[in-house]
Novice: 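I am attaching a structure below and will ask some questions about it afterwards.
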Amino acid sequence: MPLLLLLLWLPAARAASPADPDPAERCRRLLRAGHAAYFRGDYPKAISDYEGALRASSSSVSAWVNGGAVWDEAGNPRQAVRWYEAAGKLDAFDDNVLAALGWAQLRSGAAPAAAGSFRRVLQRNPDHPSALLGLARAEFSCAHPQQTVALLTRATGASPFVSLAGFFLGRAYEALAERPQALAAYRRSVGCDSYFLEGRQALGRLQLRLRDFNDAYRQFARIHDSEPRNAEIGAVLSKLQPLLARARAPRREGLRPILPAAADSPAFPPGVPVLRIGIGTTPMGRPR
């Protein structure tokens, strides 16, 4: 799951001299520079600015949190853990910071430590959705599928993570060899988000193991409609074709053929990328 940058509130800046003799003002200026560098995609510059802000004021929770978020997003969760831990020492009651620490610990391979961080959040806020999902992931990594099921059953009610909770609930049920429950969980995950292809692939593979070839074909066909150049999915469809029950062979119910992007459009200067945005509605504007 991608971690959003935790931009904390900053006081309004007052006019300052170029030298920024006031450490608090210098800290605020470097925080703003770090935020701008992050949004430009310049992670090294963002980290450098946050480090400068901390040299001006080592008690800046915002600098520690934002630096941790950048390290995490840049693929260095161990450094993110260090920065989040420093933020937590300054503000031990911010559940979002503690949950972010747990996710960084999980991504760095420290599942038991991550579980401890998530439990601390849930002691204060039992319905914290990110902590519920994170603790479930940590328990699953520690080979505790039964605890995972209990946590994810609670997390499925947390609207921001319904699809993910259903997906990992399906994986936990598979680990417990409870395939009917796994099927129901995977179906719920893709039912909440029809473009959740990882969940659709997990559902299709489980249907394959249950020899439900027609329904499996339907899932992989939907994936192929979204990723027509996916050779692995194309090969699965080719192998499934002879196994279909012809009396009720599934129709391809995917989207219309994808039109090529107008890369040479004169409306854009050379070098400007053209984005193709997929909207999940019918021509009448209703959800598919």
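On a predicted model such as this, the values are computed, not experimentally measured, just so you know.
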Novice: Using 0.5 Å steps for rounding, measure from the NE2 atom of His35 to the CG atom of Asn66.
Specialist: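 Here the interatomic distance stands at 4.5 Å.
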Novice: Shortest non-hydrogen contact from Ala172 to Val149?
Specialist: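 Where Ala172 meets Val149 most closely, the heavy atoms are CB-CG2, 3.7 Å.
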Novice: Does any non-hydrogen side-chain atom of Phe118 lie less than 4.5 Å from one of Arg137?
Specialist: no
Novice: Any heavy-atom pair between the side chains of Val81 and Asp72 that's under 4.5 Å?
Specialist: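 Contact flag for Asp72/Val81 side chains = no.
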Novice: Are the side chain of Arg154 and the backbone of Leu133 linked by a donor-acceptor contact shorter than 3.5 Å?
Specialist: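 Looks like no, no N/O pair under 3.5 Å.
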Novice: Using the ring centroid of each side chain, check whether Tyr43 and Tyr38 are separated by less than 6.0 Å.
Specialist: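 That pair passes the under 6.0 Å test.
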Novice: Are Leu169 and Gln181 close enough that some pair of their side-chain heavy atoms sits under 4.5 Å apart?
Specialist: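 A side-chain contact is absent here, since even the closest heavy-atom pair is not under 4.5 Å.
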Novice: What I want to find out is whether Lys45 reaches Asp49 closely enough, with some N-O distance under 4.0 Å, to be called a salt bridge.
Specialist: yes
Novice: Are any non-hydrogen side-chain atoms of Leu30 and Tyr50 less than 4.5 angstrom apart?
Specialist: no
Novice: Closest heavy-atom contact between Ala111 and Ser141?
Specialist: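 Scanning both residues completely, I find the closest heavy atoms to be CB-CB, 3.9 Å.
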Novice: Measure the acute angle between the ring planes of Trp83 and Trp64, then classify it against the limits of 30° and 60° as parallel, tilted or perpendicular.
Specialist: perpendicular
Novice: What do you reckon, is CZ of Arg124 surrounded by more than 12 foreign heavy atoms closer than 6.0 Å?
Specialist: yes
Novice: Which heavy atom of Val65 sits nearest to which heavy atom of Ala87, and what is that distance?
Specialist: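 Taking every non-hydrogen atom into account, CG2-CB, 3.6 Å.
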Novice: For Arg211, is the CZ atom crowded, meaning more than 12 foreign heavy atoms sit under 6.0 Å from it?
Specialist: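 For Arg211, atom CZ is not crowded (no more than 12 foreign heavy atoms under 6.0 Å).
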Novice: Any heavy-atom pair between the side chains of Glu139 and Leu135 that's under 4.5 Å?
Specialist: yes
Novice: Strictly distance-based, threshold 3.5 Å: is any side-chain N or O of Ser194 a donor or acceptor partner for the main-chain N or O of Val190?
Specialist: no
Novice: So, do Ser130 and Trp103 sit near enough that their side-chain heavy atoms are less than 4.5 Å apart?
Specialist: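 Side chain of Ser130 against side chain of Trp103, heavy atoms only: contact under 4.5 Å found.
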Novice: What heavy-atom pair brings Asn125 and Asp95 nearest, and what distance separates the two atoms?
Specialist: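 Asn125 and Asp95 have their closest heavy atoms at CB-OD2, 3.7 Å.
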Novice: What is the distance from atom OH of Tyr195 to atom CG of Asp225, rounded to the nearest 0.5 Å?
Specialist: 9.5 Å
Novice: Is it true that Glu174 and Arg209 have a side-chain N and a carboxylate O under 4.0 angstrom from each other?
Specialist: yes
Novice: Does Ser163 use its side chain to pair, donor to acceptor, with the backbone of Ser189 at less than 3.5 Å?
Specialist: yes
Novice: Work out which heavy atom in Ala46 is nearest to a heavy atom in Ala37; give both atom names and the distance.
Specialist: N-CB, 3.6 Å
Novice: So, does Thr148 use its side chain to make a donor-acceptor pair with the main chain of His144 at under 3.5 Å?
Specialist: yes
Novice: To the nearest 0.5 angstrom, please state how far the CZ atom of Arg120 sits from the CZ atom of Phe93.
Specialist: 10.0 Å
Novice: Looking only at heavy atoms, what is the nearest atom pair of Leu31 and Ala53, with distance?
Specialist: CG-CB, 4.2 Å
Novice: Any ion pair linking Asp215 and Arg218 (charged N to carboxylate O, less than 4.0 Å)?
Specialist: yes
Novice: Measuring from Asn96:CG to Asp91:CG, what's the distance to the nearest 0.5 Å?
Specialist: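 Asn96 CG to Asp91 CG: 10.5 Å, rounded to 0.5 Å.
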Novice: Quick one: does Tyr173's side chain have a donor or acceptor within less than 3.5 Å of a partner on Phe168's backbone?
Specialist: no
Novice: With side chains defined as the heavy atoms from C-beta onward, is the minimum distance between Leu183 and Leu210 less than 4.5 Å?
Specialist: yes
Novice: Just checking, is any N or O donor in the side chain of Arg82 or Gln79 under 3.5 Å from an acceptor N or O on the other one?
Specialist: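 There is such a pair between these side chains.
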Novice: Please check this pair: side chain of Asn230 against backbone of His224, looking for a donor-acceptor N/O pair closer than 3.5 Å.
Specialist: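 No, because the side chain of Asn230 does not come within donor-acceptor range (under 3.5 Å) of the backbone of His224.
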Novice: Between Asn214 and Leu243, is the side chain to side chain contact (heavy atoms under 4.5 Å, CB included) condition met? List the steps.
Specialist: CA-CA 8 Å; Asn214 277 49; Leu243 303 174; over 6 Å; no
Novice: Between Arg28 and Glu25 (salt bridge meaning N to carboxylate O under 4.0 Å), is one present in this structure?
Specialist: yes
Novice: Membership question, hydrophobic clusters at under 4.5 Å side-chain separation (ILVMFWY): are Leu206 and Phe140 in the same one?
Specialist: no
Novice: Within this structure, what is the OG-CG distance for the pair Ser117 and Leu98, rounded to the nearest 0.5 Å?
Specialist: 5.0 Å
Novice: How many angstroms lie between atom CD of Glu227 and atom CD of Gln201, to the nearest 0.5 angstrom?
Specialist: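 So the CD of Glu227 and the CD of Gln201 are separated by 8.5 Å.
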Novice: Give a yes or no on whether the backbone of Arg171 and the side-chain of Tyr186 come within a donor-acceptor separation of less than 3.5 Å.
Specialist: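 Answer holds: yes.
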Novice: If we only count heavy atoms from C-beta on, is the Gln207 to Tyr217 side-chain gap below 4.5 Å?
Specialist: no
Novice: Would you say Ile47 and Leu54 are hydrophobically clustered, going by side-chain heavy atoms of ILVMFWY under 4.5 Å?
Specialist: yes
Novice: Against Leu203, only a single residue in Arg187, Arg188, Glu198 fulfils side chain to side chain contact (heavy atoms under 4.5 Å, CB included); can you say which?
Specialist: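 Answer to the side chain to side chain contact (heavy atoms under 4.5 Å, CB included) test with Leu203 among Arg187, Arg188, Glu198: Arg187.
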